[in-house]
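Below is one structure, written out as structure tokens; the observations come after it.
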Amino acid sequence: MAASSSAEQTHLAQDMEREDEEIDEREMDSEEEGEEAMGDENSDDEADSSEDEKENEAEIQRLEEQLSINAFDYNCHVDLIKLLKQEGELIRLRKARQKMSELFPLTEEIWLDWLKDEIRLTEEESNRDRVYEIFERAVKDYICPDIWLEYAQYSIGGMALPGGIDKVRTVFERALTAVGLHVTKGQMVWEAYREFENVILTTVQPPPGKIPSHQEQELLNAQLARIHTLFRRQLAVPLMDMDATFAEYEEWADGVPETVQLQYKKALQLMEKCKAFEEALLLAEPPKLAEYQTYIDFELKEGDPARIQMIFERALAENCLVPDMWAKYAKYLDRQLKIKDLVLSTHERAVRNCPWTMGLWKGYILALERHCADHQTVLDVFEKALNAGFIQATDYVEIWQAYLDYLRRRVDFSKESSKELEELRSTFTRSLDYMKQDVEERFGESGDPSCIIMQIWARIEALHCKNMQKARELWDNIMTKGNAKYANMWLEYYNLKGLMVTLSIAARPSTELVEGSLEDWDVAIQKTETKLNRINEQRAKVAEKEANFARQEEERTQQRRKAKSEKKAQKKIQKGVCVGEKRKAEQVDEWNDDFDQGSKKHKGNGDQQSEELMETETGKTAPPGFKPVPRTTASATAQRDNQPELRNDNCSIFISNLAYTLDEPEAKLRTLFDSCGPIKQIRPVFNNKGGFKGYGYVQFESHISVPEALKLDRTEVEGRPMFVSPCVDKSKNPDFKVFKYNTSMEKHKIFISGLPFSCTKEQLEEICHSHGNVKEVRLVTYRSGKPKGLAYVEFANESQASQAVLKLDGLEVEGNKISVAISNPPRRNAVDKPGSSRPSADMMPRQFHGSRGKGRTQLSLLPRSLNRQSGSESKVENGTSAQSVAPSNTISDTKPLSNADFARMLLNK
């Protein structure tokens, strides 16, 4: 039994082993099948990813080739950086960012992405200097509080290094100098600096119960003094949420000194002045140029250089492509601050942002000379200016003049020959070759038809170098270039030969281009600008005075017209009373005559009350059956409206183009204009049958409601645009025009034709929005409100409109190919006088009739051989037009023909 049981156990164990082996085999098979399935899926994913990588690599190569052709393609740089970051090509990504930063100033977003990538890559302390270098480059492009805050936080990570705390404090101090006055974002930097110092304070404080040593107490007092100083400095600066900072300091210091309170009140008062400008910036839409300009003018009047610099930097951060803003900022720095590093860095940033603007390059060259930069630096800047790609040929002439003027001021003309003089002459020769070859090939013109550069060269040779032979050669060359037909050029040539100093200002370049130093040039420019500003102010005052005088005259004229109209209305009323009294004295026969004539025109039943009144007033009984015609409601309404005390045009508007089938027009108009202000009365106009004529008047209680009502012009009412215009008496103001579209070229507006009739204003705005800042979209419709397929779109400036024309012309919209062009409406036909809409009488063909006038048959009784046409198509001979020749088919103007004349005419046949 024991043997059998052991054998059974053995068999059982063997069976269990077999089962375990089968289970293991099944699991291995299932795992292998799963791995095979997963392998198939992974292979598919790998294939897809490899295809994407190949496509991205091909796109990267295409972008790199495009940049090798045109390195100034900004969008191409941005796309390349995005693809390289997506592919994880770190080395190529660094090179792409480096190359773009050398050509363009990078935006805040691009710098922050670059810095965050570099911070993740450089975890080791030895590579922190590379990140610091990138931070230093980033803070030079624009004044960005976020970049400075990131810079300070990154430097805090190196506190443990030797000199780490001093490094952090240096970065924070530079950040406060750069963006500490930023009204909305400067507070973040101040708070981060205080938080850092509070952390340092916790490290120098002794534990509770321990008496600090003398050295520890000095460290503690110094740290407390730093925090106190930070609070006081911040409270002296106008920033947002100043009251919270003041409350925090009051709680931290257990009381605020009186001097700090005074500084805080001054800063709070200045913040109240700036609050309106900050709110305007907050509500305005980009680019906020007008709001920033107003803010800058305010700060210039206040006169704080640091705050002026800050508001300029804020404006340029959002309007970096506006050359006028850069020019105004650079001009302020050149004349007021005159700090070399600040001035030159600003000029460099200006030309990097707007390289196409010649005036910025010219200002940069003058600033380099003003701050005594070396000659090679000026030359490098000038060469960059030549490669910047100016828009006009004259820009190259002016930049060459600026550089030649700089070279002329370097020459010592007391020496017969020098290296500087030879360089000046060679540069003159190079400038003439450049204008002839490069500029003419690009623009089709030299840009210097008067040969101003050659005139400057000739004058320098004659006056400074005493080389009259070279000067004559240059002037002979000038005259052979088509200038010999101008008298002023001959006068200039003659004055040069006689070495006369008094030259015509209009005919020659300014004296500062040939004589004088840079200081003389600056003084002359400032004097000229001061005088021009004074003249402009005087002109503005005179214009304002004339406008006030014209307004007063207009008011007097209106008062005279009003008094005259009132007097005329009074006379009409008196005349009507007299006529009524005269009619009362007429006989019964006249009543009968009037009745016989009027009964054919008027039908209706007179009332018994009117008959009794008539009998009582006249004292005579009307003829039997006589029924006087009552006054209609329309005439009564017209008489009521014409009364001056009831009708006031200044408080009224005129509504037209409404549907004739409009139900209850008075209620409908009241509903439409009730939101504009209190309504005094509504006067819809009806015809004799009581039908609405599609127009009317709305009179308000006050004239303030009229401008609000005019805003409802072109509002759609039952499928038709309602026209709303001021209520003006045309008999008193015949030349009054409610609205007139511009008939001249509008370079900031485009004209679109071929639109589908189903296209809406919102769809058209969406199409044009990607090409610029759309200010207004106007669809052209018929008076019934149906579209014509035409539209006008107004952009913020001319460049955006030009780009829209290039991009949208020929675009298909819902199957229709549209045509786009700059708005240039056709001019109106010639008229007799300005403001007249009728064609002149001379332009209309005259019709002549016989002595009996225009007959029904229109038959001419004159023989065909004698009938001569005198239409407007007659030819003009010897300067006499057909209109000046008297028509030959009039009897009074025709010479009588004799029998011999008739015989001669027959023989000629």
Side-chain angles (χ1 to χ4, degrees), residues 42-144 146-162 164 167-168 171 174-175 317 320 345 348-349 351-353 355 380 383-384 387-388:
N42 291 333
S43 62
D44 294 338
D45 294 339
E46 289 177 359
D48 294 337
S49 62
S50 62
E51 290 179 0
D52 293 339
E53 289 177 358
K54 290 180 180 179
E55 291 179 359
N56 291 337
E57 183 64 28
E59 181 66 17
I60 290 171
Q61 291 180 0
R62 187 188 67 81
L63 292 173
E64 288 177 347
E65 291 177 359
Q66 188 173 348
L67 287 175
S68 64
I69 299 172
N70 181 15
F72 291 92
D73 191 342
Y74 186 88
N75 295 326
C76 190
H77 281 283
V78 175
D79 295 338
L80 179 60
I81 289 173
K82 288 181 180 179
L83 280 176
L84 291 175
K85 185 176 181 180
Q86 181 180 349
E87 292 297 317
E89 297 284 346
L90 301 180
I91 298 177
R92 297 170 69 183
L93 180 61
R94 281 179 178 176
K95 291 181 179 179
R97 285 169 169 169
Q98 179 74 22
K99 187 175 181 180
M100 184 178 180
S101 65
E102 292 175 356
L103 297 174
F104 300 100
L106 305 185
T107 61
E108 182 179 359
E109 293 78 10
I110 296 177
W111 276 119
L112 289 175
D113 289 341
W114 189 359
L115 289 167
K116 289 176 182 178
D117 291 341
E118 292 292 340
I119 290 172
R120 285 194 296 266
L121 292 174
T122 56
E123 298 292 340
E124 300 179 1
E125 297 178 357
S126 58
N127 293 329
R128 295 184 66 87
D129 292 338
R130 177 179 177 81
V131 181
Y132 283 138
E133 181 182 354
I134 298 175
F135 269 116
E136 290 295 331
R137 293 174 56 190
V139 297
K140 289 180 181 179
D141 278 350
Y142 301 109
I143 301 298
C144 300
D146 293 334
I147 293 180
W148 276 108
L149 195 61
E150 190 73 21
Y151 192 4
Q153 291 176 353
Y154 180 74
S155 62
I156 290 174
M159 286 175 51
L161 298 175
K167 174 71 175 178
V168 175
V171 173
R174 291 177 58 197
C320 58
S345 64
E348 183 183 3
R349 291 162 56 205
V351 297
R352 289 184 66 198
N353 280 275
D380 293 341
E383 294 295 339
K384 290 180 181 179
N387 297 324

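Everything numeric here is computed off the predicted structure, so don't read it as measured data.
- Using a 4.5 Å cut-off on side-chain heavy atoms (C-beta onward), Trp114 and Ser101 make contact.
- Salt bridge Glu89/Lys95: absent, no basic N to carboxylate O contact under 4.0 Å.
- Glu57 is linked by a salt bridge (Lys or Arg N to Asp or Glu O under 4.0 Å) to Arg92, counting only residues two or more places apart in sequence or in another chain.
- Asn353 and Pro105 make their closest contact through OD1-CG, 3.3 Å (heavy atoms, listed as atom of the first residue, atom of the second, distance).
- Partners of Arg62 according to the side-chain hydrogen bond (donor to acceptor under 3.5 Å, both in side chains) rule, which considers only residues two or more places apart in sequence or in another chain, are Glu59, Gln66.
- When all heavy atoms of Tyr142 and Ala317 are compared, the pair lying nearest together is CD2-CA, 4.3 Å.
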Side-chain atoms of residues 74-87: list all donor-acceptor pairs with protein atoms under 3.5 Å, sequence neighbours left out, distances to 0.1 Å.
unit_1	atom_1	unit_2	atom_2	d
His77	NE2	Ala71	O	2.9
Glu87	OE2	Asn56	ND2	2.4

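- Salt-bridge check for Arg94 with Asp117: failed, with every basic side-chain N at 4.0 Å or more from each acidic carboxylate O.
- The side-chain heavy atoms of Ile134 and Trp111, taken from C-beta on, include a pair separated by under 4.5 Å.
- At least one side-chain heavy atom of Asp113 sits under 4.5 Å from a side-chain heavy atom of Arg97.
- The distance from the CD atom of Glu109 to the CG atom of Asp146 is 9.0 Å, given to the nearest 0.5 Å.
- Residues Val351 and Lys384 have side chains not in contact (no heavy-atom distance under 4.5 Å, counting atoms from C-beta outward).
- Between Glu55 atom CD and Ile60 atom CD1 the span is 12.0 Å, to the nearest 0.5 Å.
- With contacts defined as side-chain heavy-atom distances shorter than 4.5 Å, the pair Val171/Phe135 does not qualify.
- The shortest side-chain heavy-atom distance between Glu150 and Ile119 falls under the 4.5 Å cut-off.
- The two residues Ala388 and Pro355 have their closest heavy-atom pair at CB-O, 3.0 Å.
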With salt bridge (charged side-chain N to carboxylate O under 4.0 Å, His left out) as the test, would you mind laying out the steps for Arg174 and Glu136 before giving the verdict? CA-CA 11 Å; Arg174 291 177 58 197; Glu136 290 295 331; 2.7 Å; yes
